[in-house]
K.L.:
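The structure is given below, and queries will be raised subsequently.
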2 protein chains.
Amino acid sequence: MTLSSSSRSEPSIRVAVSTVIVALRRHPDTGAPALWMPLVRRVAEPFEGLWALPGGWVQPDEGLEASAAARLRETTNVQPRYLEQLYAFGDVDRSPNRVVSIVYWALVHQDEASSVPEDWNVRWFLADEHPPLAFDHDRIVEYALWRLRNKMSYSRIAQAFLGDRFTLAELRGVYEAVLGRALDPANFRRQVEKTDAILPTDETTSGDRHRPARLYRSNPDLAYADNGPLQQGKKPKNR
Amino acid sequence: MTLSSSSRSEPSIRVAVSTVIVALRRHPDTGAPALWMPLVRRVAEPFEGLWALPGGWVQPDEGLEASAAARLRETTNVQPRYLEQLYAFGDVDRSPNRVVSIVYWALVHQDEASSVPEDWNVRWFLADEHPPLAFDHDRIVEYALWRLRNKMSYSRIAQAFLGDRFTLAELRGVYEAVLGRALDPANFRRQVEKTDAILPTDETTSGDRHRPARLYRSNPDLAYADNGPLQQGKKPKNR
DNA sequence: ACAAAAGTGTTCAAGTTACACCCATGC
DNA sequence: GCATGGGTGTAACTTGAACACTTTTGT
């Protein structure tokens, strides 16, 4: 079988999946929400001992996205709220032996983030302060963060960081953490309220020493974002 | 070598590249610029006789983008002005035998388009009126066109359709063909002129029976668009 | 002179930003 | 009461769409 009139041979190549996992947790110094990602330590050559993105090999009976989700569960025990293909890397010299890597990026919320078993092999790092990584993973992480920050402004993915119920201040905190700047609470409120991205509940917060805030939930009829050519069901919408 | 702590085996998979090639040519009925794409006829099972995207197998010593460019030259004899990775498709059931396809999309300009040898195996089709394609290529084409239309509004890729020198009316024609609606000439002029995306030359058109138009050229310091995590040299800019 | 496309000027509506101000709660 | 964040109102500014108008060529 050929895909075209090309007369070349049909060589096989090892195909891997890796995932840039991002979650929101408090910054150790400031206490404000910040981006974190779990990395795994390499236990074999090449780059033995260095930190790298979690991943593994694509099995013959697995689709790419299913494979990414499976390797993710096996290595870091998270089930992502949002999963999107980032890019396929396949330069000949990116590894000593030729590998094609299909890289995904995933968002998980805070509860999920704590299910990652922190041990010698897996550890969470501040996204902006991670150690030098194996292979070309530094560049991959940089690209994933660029895509995340970009997609924040025209999608609802911020909600994938949060739990079932959240206040507008919490949602705003996500935007501020990812975009790296403060947003006007008044204008932010109006912008998200005029869309149907989130729905108000009749619940409010309490216990803080100020006025209670209304709790909202994600509109279940809308996808967090357009995550590729598949999944034609839900249509994305701004914030 | 493993990319993670996964203990699975390291199976190999056949990896293909395909490319959605798009060029601008006159519509046979209206005469206005329209989107065309070359397709190749399959000469073997499966889907023998159906039209499909040009492509071929990734060789062990080829990077992915290099492979796409090479298969493109071999099958359709075009050298693209713009080449960007679209998506990696790898569902188990998208072909009778398991294949991972790295799909690219390319823009070529009109002169280049005419270098494609039109014969029984290769033919140009209007992008919106192509015949049913082999494999999942219908969906891939649809996604590529969506990405093209989307990227028109925040990048300069329209210029990749044009030659060395062009008028603002020609550039506007590209936008109108891709977006499918007329644009105000006055507002269009101001929007592109306030960026440094194009540079005026001191040449003008002549011979038409109306006022001559200034000729412009692409700013060579700017990339047409951000085409992925690689190529960090040129920075993209609006229009 | 006339037609047609190039190119300029102006107005109006919509959206964004900045910021003043009131509200509801815990202490 | 007072501090604090929740929530509302509004004026200034920016952006973009719509469209009237002038300019320059070929016939």
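Note that the structure is predicted; figures quoted are calculated from it, not measured. Side chains are part of it too, since the values below use all heavy atoms of this structure and drop only hydrogens, waters and symmetry mates.
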K.L.:
Check whether any side-chain N or O of A/Arg189 sits under 4.0 Å from OP1 or OP2 of D/dG7, and answer yes or no.
P.N.:
yes

K.L.:
Rounded to whole Å, how long is the line connecting atom CZ of B/Phe188 with atom P of C/dG9?
P.N.:
19 Å

K.L.:
What nucleic acid atoms does A/Arg190 come within less than 4.0 Å of, heavy atoms only: base, sugar-phosphate, or nothing?
P.N.:
base

K.L.:
Nearest whole Å is fine: how far is C/dA3 P from B/Arg209 CZ?
P.N.:
11 Å

K.L.:
Would B/Ser101 and B/Arg94 count as having a side-chain donor-acceptor pair, cut-off 3.5 Å?
P.N.:
yes

K.L.:
Checking B/Tyr104 side chain against B/Glu65 main chain: does a donor-acceptor pair fall under 3.5 Å?
P.N.:
yes

K.L.:
To the nearest Å, give me how far apart CD (A/Glu193) and C1' (D/dG9) are.
P.N.:
14 Å

K.L.:
B/Gln191 has a side chain; which of C/dA18, D/dG26, D/dG16 sits nearest to it?
P.N.:
D/dG16

K.L.:
Answer yes or no: is there an ion pair linking B/Arg139 with B/Glu142, defined by an N-O contact shorter than 4.0 Å?
P.N.:
no

K.L.:
By nearest atom, which of the nucleotides C/dT25, C/dG9, D/dT8 is closest to the A/Pro212 side chain?
P.N.:
C/dT25

K.L.:
Under 6.0 Å from the CD atom of B/Glu193, do we count more than 12 heavy atoms belonging to anything else shown?
P.N.:
yes

K.L.:
Taking A/Asn121 for its side chain and A/Arg41 for its backbone only, find out whether a donor-acceptor pair lies under 3.5 Å.
P.N.:
no

K.L.:
Taking the nucleotide of DNA chain C with the nearest heavy atom to each, does A/Asp208 or A/Lys194 sit closer to the 5' end?
P.N.:
A/Lys194

K.L.:
Tell me whether the rings of B/His137 and B/Phe135 are parallel (<30°), tilted (30 to 60°) or perpendicular (>60°).
P.N.:
tilted

K.L.:
In whole angstroms, how far is the C1' atom of D/dT8 from the CG atom of A/Asp184?
P.N.:
12 Å

K.L.:
If you pin A/His210 and B/Arg211 to their nearest nucleotides in DNA chain C, which one's is more 5'?
P.N.:
B/Arg211

K.L.:
Over how many whole Å does the gap from A/Leu183 atom CG to D/dG5 atom P extend?
P.N.:
17 Å

K.L.:
Nearest to the A/Asn187 side chain among D/dA17, C/dT8, C/dT17, which nucleotide is it?
P.N.:
C/dT17

K.L.:
Picking from C/dA6, D/dA18, D/dT24, which would you name as closest to the side chain of B/Ala213?
P.N.:
C/dA6

K.L.:
Name every residue in residues 160-172 of chain A that has at least one heavy atom under 4.0 Å from any atom of DNA chain C, in order of residue number, or write none if there are no such residues.
P.N.:
none

K.L.:
Got a sec: does the CD of B/Gln79 have more than 12 other heavy atoms crowding it under 6.0 Å?
P.N.:
no

